[in-house]
Amino acid sequence: MSASSLLVDNIGELVTNGPGEGPLGIRRDAAVLVEEGRVAWVGPAAYAPAADRRIDAGGAAVLPGFVDSHAHLVFAGDRAAEFAARMAGEPYTGGGIRTTVGATRAASDDELRATVRRLRGEALRQGTTTMEIKSGYGLTVADEARSLRIAAETSSETTFLGAHVVPAEYADRPDDYVGLVCGPMLAAAAPYARWVDVFCERGAFDVDHARAILACGQAAGLGVRVHANQLGPGPGVQLGVELGAASVDHCTHLSDADVDALAGTASTDGSGTHTVATLLPGAEFSTRSPYPDARRLLDAGVTVALATDCNPGSSYTSSMPFCLALAVREMRMTPAEALWAATAGGARALRRDDIGVLTPGARADLVVLDAPSYLHLAYRPGVPLIRQVLHNGVSQ
Ligand SMILES: [Zn+2]
């Protein structure tokens, strides 16, 4: 027995996303043994092995920590006034990103670092144990590189989003900006990034520019993700599928061909080209826009993830439980589908199999609820139900 063993005992309802009852692999009256930051054993509480320390879950529900696979945390300033104007009837166009770019460039490293840590801490207290972090508010070689350097202090899931918008100084020569992104900006950013992403949308980057940037990122060893089909129909989803993206994100305006393309990647043939549809209902909530049609995707067999899109403009929430409740109430996902999408689905969107599950060998990232069942996450929206969070087996 390792000196660091910990038993989480007396779990009324354990969600494993592995073997067990139903699609969530639920086990009743269970226990989880943690050693060296990993899940070492899962089974009936009555047969739990001895351990050095014990957490008594008191009959409550225990779940894998949430995997938030889409967040923009490196920025300065806020856009509360823009939110208020939008709620008073002004449309959302995405143009406010440039406001944040100005504030971010003017901020010190320590100011940016403090914001990342504050938001990461906020998310952790709400049960998020993995959080992807994008750049995209620097949009110069130096500012994108420092954004990713700061992001990498907090997460190994970092994404180069130099192609968020064309910055004002390149407004009349977007080809030159794409050249900058693919050249010196990528070279400076790649050492701190695991992924490359593009906002492929009218008013941001067209399909040819998006393909060029994603291909350069791939050639530099980065995995592909795409902001696609958020504000209207477009080519982003099919571009993502074409390039073998791990995830296409937003998916609010989809054609039948888009859904078919995503469903076609869902076969488990081991080819590694499986593309997840990551839905971000916090963005539709905060821009008062129609939600994506999750049922259509699920019924077609597409793998769906849920994430926050945490950013100061279109979705300033770090709360996965809030997004899960929106998915159930507004997108007609069942509570089980929404919880799977917020844990195992997010892991798939990051091509990870060591998180989002509580099975032997997985990272010991788990959440003890102040509730007898995961159903309460959507049933009791807005209520702080996260009693305890373990990250790498360590209580936070
Ligand atoms: Zn985003």
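All residue numbers refer to positions in the sequence shown, counting from 1. As the structure lists them, so they are numbered: ligands from 1, and atoms in each ligand from 1.
There is no side-chain donor-acceptor pair under 3.5 Å between D249 and H227.
Backbone or side-chain N, O or S atoms of D309 reach the Zn ion (ligand 1) at under 2.8 Å. Note on H250: not counted as a metal contact of the Zn ion (ligand 1), no N/O/S atom lying under 2.8 Å.
A cation-pi arrangement is present between R173 and Y170, with the terminal nitrogen or guanidinium carbon under 6.0 Å from the aromatic centre and inside a 45° cone about the axis.
Heavy atoms only, all atoms of each residue included: K134 and V74 are closest at O-CG2, 4.0 Å.
The angle that H227 NE2 and H72 NE2 make at the Zn ion (ligand 1), rounded to 10°, works out to 100°.
Under a 3.5 Å cut-off, the side chain of T343 and the backbone N or O of W340 do form a donor-acceptor pair.
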